[in-house]
Amino acid sequence: MLRLLSAGESHGPCLTGILDGLPAGIPLCSSDIDAQLARRQRGVGRGSRMKIEHDHAQITGGVLSGQTTGAPLALRIDNLDHRRWREDIAPLTVPRPGHADLVGALKYGYRDLRRSLERASARETAMRVALSVPCRLLLQHLGVTVGGYVVQIGPVRVPEPPVLESSTANDVLLKRMLSAEASSVRCYEPATAAQMEACIEQCMHERNTVGGVIEAVAVGLPPGLGSFVQPDRRLSGRLAQAMLSIPSVRGFELGSGFASAAMPGTQAQDPYFLDGETIVTTGQHSGGLEGGVTTGAPLRLRVALKPIATTLRSQDSVDLATGQAAPTRYERSDFCHVPRAVPIVEALLCIVLADALCEKLGGDTLVEMQARFASLRTARLSQLPMDNQPWRFGYE
Ligand code: EPS
């Protein structure tokens, strides 16, 4: 339903983006977008490029008098660093392991490796964060809140939190989002946040980089987003695709994810129980999706980010210009991008969920979508009538 395209190099004049398929009537101004862009720029462990850029999105299409019109949204973000890259650029011929340098030359025949990094750079995520903002606002107008926090930096992890109770899960998760935003490493647990900060500082001192794990959450979702009737309509797969498209993401899990592989089957499911007339489930293990469809429980996913591949200490490589073994040459980079990546993970979650809601609700305007949202089936017993009769397939 939503189609997103971006263009632009990391050190070129600007990033350009288009998001097509938004309903009309979502209030949107560039300061809403800039607030999310600013979130993406702060956090312990960032590199010096973030001191140069002060990201601002210029809206150049799709918003009239402060509201989306239903036409494609068009945005532009200038790269302030571009002015330093207008003259002769030093050749880059030693591919950096873990970056797209070598595969770009193999695939596109580039004769200088900077051509690979210009587009493979995570700079592009600024535009995806910007384009996600009307999606986040659409979700908010439907009562859905998306947030995220860091649960691991290097070996430092938040202590395993107690199992979520369905009656308090939303409140607990909303509190975590708020506390994380007040932390320089975006971790909701203060003692662990201090250890994470120390871990990042230690890694900078050792001239190294460090990765981590982010948990993203959506609360207030209706049941029934996504489908199991075709594999490509499973929301779980659509989320995995989106999350694995973030540079440096190497792992994805929903709910108990990889840990559930070690659990007996009786302990790896979320039981159903009645709360008055309504069937409820915590989503603790499922992550809020069963059969690739939302259950109405909070959606919880995790992504693992490998450490940034650009390191102050050189790595073994080969100079393609001389054909000799050669060390990589350092250019500035982040030391730990994990706190800064939380808004990126949230952004992609917002885009996938807004897409699924547009699919489920249809409608050309926000108001139409709100009315349809209010009439969706809930898990009340009265809305789940069963025939309770023998039946037949009825094929010839
Ligand atoms: C990046 C390398 C660094 C990061 C950049 C992503 O840029 P530079 O090579 O100019 O120092 O700062 O991230 C951004 C510019 C950004 O806006 O997030 C990389 O190699 O992916």
Side-chain angles (χ1 to χ4, degrees), residues 6-17 33-58 75-87 89-92 94-105 110 112-133 186 200 204 207-212 214 244-250 303 305-312 314-315 317 328-348:
S6 80
E9 282 78 40
S10 178
H11 305 95
C14 67
L15 302 171
T16 305
I33 302 178
D34 290 355
Q36 291 301 325
L37 289 175
R39 289 184 68 221
R40 198 196 69 95
Q41 290 201 273
R42 65 177 179 79
V44 174
R46 67 188 199 154
S48 54
R49 174 83 186 269
M50 287 304 99
K51 294 185 187 127
I52 299 168
E53 304 294 345
H54 303 283
D55 288 337
H56 163 65
Q58 187 189 356
L75 299 180
R76 172 190 168 113
I77 301 172
D78 286 338
N79 292 323
L80 301 185
D81 198 34
H82 176 59
R83 57 180 170 261
R84 296 195 323 108
W85 296 83
R86 287 201 187 123
E87 302 303 325
I89 295 170
L92 180 63
V94 180
R96 300 160 306 160
H99 277 291
D101 302 353
L102 181 62
V103 291
Y110 294 151
D112 186 284
L113 301 175
R114 196 169 293 281
R115 287 164 193 256
S116 305
L117 81 80
E118 282 298 338
R119 187 61 190 155
S121 164
R123 175 74 187 145
E124 156 277 328
T125 60
M127 182 49 78
R128 284 197 279 172
V129 168
L131 291 171
S132 75
V133 173
R186 287 207 165 90
I200 295 171
M204 288 162 80
R207 297 152 58 87
N208 218 327
T209 58
V210 64
I214 291 169
L244 289 164
S245 76
I246 301 171
S248 87
V249 169
R250 283 292 178 276
V303 297
L305 294 92
K306 71 172 185 174
I308 294 267
T310 306
T311 50
L312 258 164
S314 60
Q315 298 175 50
S317 186
T328 53
R329 207 182 65 215
Y330 178 69
E331 291 191 0
R332 67 178 179 197
S333 187
D334 296 42
F335 293 92
C336 181
H337 59 318
V338 181
R340 224 154 70 62
V342 171
I344 304 172
V345 173
E346 291 176 16
L348 293 182

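Counting starts at 1 for both ligands and their atoms, in listed order.
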**Student:** Hey, is E53 touching ligand 1 through its side chain, its backbone, both or neither, going by heavy atoms under 4.0 Å?
**Tutor:** neither
**Student:** Pick one: which of E53, E118, E9 meets salt bridge (Lys or Arg N to Asp or Glu O under 4.0 Å) with R123?
**Tutor:** E53
**Student:** Taking distance alone, with no angle check, do R340 and ligand 1 share an N/O pair under 3.5 Å?
**Tutor:** yes
**Student:** H11 heavy atoms, cut-off 4.0 Å: which ligand 1 atoms fall inside?
**Tutor:** 8 (P), 9 (O), 10 (O)
**Student:** Select the closest option to atom 2 (C) of ligand 1 among S10, P247, S248, S333, judged by heavy-atom distance.
**Tutor:** S333
**Student:** Heavy-atom distances under 4.0 Å decide this one: backbone, side chain, both or neither, for R40 against ligand 1?
**Tutor:** side chain
**Student:** If you measure from CD1 on I77 to CE on M127, what distance do you get to the nearest 0.5 Å?
**Tutor:** 4.0 Å
**Student:** Test your reading of the model: is there a side-chain donor-acceptor pair from S317 to the backbone of P95, 3.5 Å cut-off?
**Tutor:** yes
**Student:** Can you pull out the closest protein heavy atom to atom 19 (C) of ligand 1? Residue, atom name and distance to 0.1 Å, please.
**Tutor:** S121 OG, 3.6 Å
**Student:** Tell me whether A122 has any N or O atom under 3.5 angstrom from an N or O of ligand 1.
**Tutor:** yes
**Student:** Is the backbone N or O of V342 less than 3.5 Å from a side-chain atom of R186, with the two atoms forming a donor-acceptor pair by type?
**Tutor:** no
**Student:** Would you say R46 contacts ligand 1, with heavy atoms under 4.0 Å as the rule?
**Tutor:** no
**Student:** Which of these, Q41, M50, R96, has its nearest heavy atom closest to atom 14 (C) of ligand 1?
**Tutor:** M50
**Student:** Please determine if D78 and R76 form a salt bridge, counting it only when a charged side-chain N lies under 4.0 Å from a carboxylate O.
**Tutor:** yes
**Student:** Report yes or no: does R119 contribute a side-chain atom to a donor-acceptor pair with the main-chain N or O of G8 at less than 3.5 Å?
**Tutor:** yes
**Student:** Pick out which of D55, D334, D34 makes a salt bridge (Lys or Arg N to Asp or Glu O under 4.0 Å) with R40.
**Tutor:** D55
**Student:** With a 4.0 Å heavy-atom cut-off (strictly under), which part of A126 contacts ligand 1: side chain, backbone, both or neither?
**Tutor:** neither
**Student:** H99 and S116: side-chain donor and acceptor closer than 3.5 Å?
**Tutor:** no
**Student:** Under a 3.5 Å distance rule, please check whether H11 uses its side chain to pair with a backbone N or O of W85 as donor and acceptor.
**Tutor:** no
**Student:** Checking a contact table here: which protein heavy atom is nearest atom 11 (O) of ligand 1, and how many Å away?
**Tutor:** R332 NE, 2.7 Å
**Student:** Answer side chain, backbone, both or neither: which part of R49 comes under 4.0 Å from ligand 1, heavy atoms only.
**Tutor:** side chain
**Student:** State the CZ-CG distance between R84 and N79, to the nearest 0.5 angstrom.
**Tutor:** 12.0 Å
**Student:** Is D81 close to ligand 1, meaning an N/O of one under 3.5 Å from an N/O of the other?
**Tutor:** no
**Student:** Please say whether R123 places an N or O atom under 3.5 Å from an N or O atom belonging to ligand 1.
**Tutor:** yes
**Student:** Starting from atom 20 (O) of ligand 1, what is the nearest protein heavy atom, named by residue and atom, and what distance separates them?
**Tutor:** H99 CE1, 3.8 Å
**Student:** With the threshold set at under 4.0 angstrom, would you say D334 reaches ligand 1 through any of its heavy atoms?
**Tutor:** yes
